[in-house]
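Some notes on the structure that comes next.
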Amino acid sequence: MAKSEFLIIANWKADAKVSQTEKVRDWLRRFWAELSGPISAKVVICPPFPLIYVLAQELARSKTLPLYLGVQNLSPFSAGAHTGEVTASMLKGLAGWAILGHSERRREQDESDEQVTAKVSRALEVGITPIVCLDQGYITSQIQGLKKVSLATEKMVFAYEPGAAIGTGRPETADNAQRLAARIVKETSARVLYGGSVTAQNAAEYLSQESVSGLLVGGASTEPVEFAQIVKSAQEG
Ligand code: PGA
């Protein structure tokens, strides 16, 4: 898989540091001040749902901020009587990417391969690119689940996210990240990202791996200066 342009995803989760309008504006100011130059990587910010309009407005206002918008989840349903759901068609035109099947959701919300597959279908129906998170225990079952309903995995992005590395400050070794990313590339023909305790210090090492096409960044993406440094390492990589 050619690595023409790295994909760097900011997963803000429900982090209190980026949970309100003013904090988001401040994040953008500080991110841009640190970056101070063109962005050659594709950078996608995935805020909590209520902040998506704020970010969309800020980004539309500033032509100098070539950032894209994504979401951290979407509904497995298309529309209808599903209280509390945010459907893919509501997000059409607003978000270009959706992080789906994150291990935190598998653990806390009991998300299954089947539910993730349904969400991937809804995203693809409206032109949202799914970023499907995978860990060793369900790489094969999740990919088979997607293929079973004839979804084109090459149109998706996958993220190898080892559970033990997420939010722990104990990232996967670059060798293992490469090995698992290569396996996922082989099974899907898609771009594969690495995620799990990515920092400004270790980002370049992952990006230098042959099968790693970008990063899914959690904690470090809520810190605008550090996230800008990660984006810079993608330009240099
Ligand atoms: P982390 O999270 O960078 O805080 O480890 C990554 C993720 O959960 O996507």
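Every number for a ligand or one of its atoms is a count from 1 in the order of the listing.
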Numbered atoms and elements of ligand 1 in range of [X], under 4.0 angstrom, heavy atoms:
X: Gly218; answer: 1 (P), 2 (O), 3 (O), 4 (O), 6 (C)
X: Gly167; answer: 1 (P), 4 (O), 5 (O)
X: Gly196; answer: 5 (O)
X: Glu161; answer: 6 (C), 7 (C), 8 (O), 9 (O)
X: His102; answer: 7 (C), 8 (O), 9 (O)
X: Gly219; answer: 1 (P), 3 (O), 4 (O)

Ser197 touching ligand 1 at heavy-atom level, < 4.0 angstrom: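 Ser197 counts as a contact of ligand 1 under the 4.0 Å cut-off.
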- prompt: Centre of Tyr138's six-membered ring, under 6.0 Å away, within 45 degrees of the axis: is that where NZ or CZ of Arg106 sits?
  reply: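 The answer is yes, since Arg106 meets both limits relative to Tyr138.
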task: Please say whether the positively charged group of Lys42, taken as NZ for Lys or CZ for Arg, lies over the ring of Tyr68, i.e. under 6.0 angstrom from the six-membered ring centre and within 45 degrees of the axis.
output: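 Yes - Lys42 lies over the ring of Tyr68, closer than 6.0 Å to its centre and within 45° of its axis.
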N/O donor to acceptor pairs below 3.5 angstrom from side-chain atoms of residues 83-96, sequence neighbours left out:
{"residue": "Glu85", "atom": "OE1", "partner": "Ser75", "partner atom": "OG", "Å": "2.7"}
{"residue": "Thr87", "atom": "OG1", "partner": "Met90", "partner atom": "N", "Å": "3.4"}

query: Is any side-chain N of the basic residue among Arg107 and Glu104 closer than 4.0 Å to the acidic one's carboxylate O?
result: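 A salt bridge is absent here (no side-chain N lies under 4.0 Å from a carboxylate O).
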message: Once you restrict to heavy atoms under 4.0 Å, what part of Asn11 touches ligand 1? Side chain, backbone, both or neither.
response: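 It is the side chain that touches ligand 1; the backbone stays farther off.
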query: Heavy atom under 4.0 Å from ligand 1: found in Ala165's side chain, backbone, both, or neither?
result: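 Backbone only.
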task: Check whether the side chains of Gln72 and His102 place a donor and an acceptor atom closer than 3.5 Å, and report yes or no.
output: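 Side-chain D/A pair, Gln72 to His102: absent.
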query: Does a donor on one side chain and an acceptor on the other come within less than 3.5 Å for Tyr160 and Glu172?
result: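 Tyr160 vs Glu172: donor-acceptor pair found between side chains.
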- prompt: Which protein heavy atom lies closest to atom 2 (O) of ligand 1, and at what distance to 0.1 Å?
  reply: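 Checked against all protein heavy atoms, atom 2 (O) of ligand 1 sits closest to Lys13 NZ, 3.2 Å.
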- request: With salt bridge (Lys or Arg N to Asp or Glu O under 4.0 Å) as the test, would you mind laying out the steps for Glu34 and Lys232 before giving the verdict?
  value: CA-CA 10 Å; Glu34 174 67 21; Lys232 279 193 224 174; 3.3 Å; yes
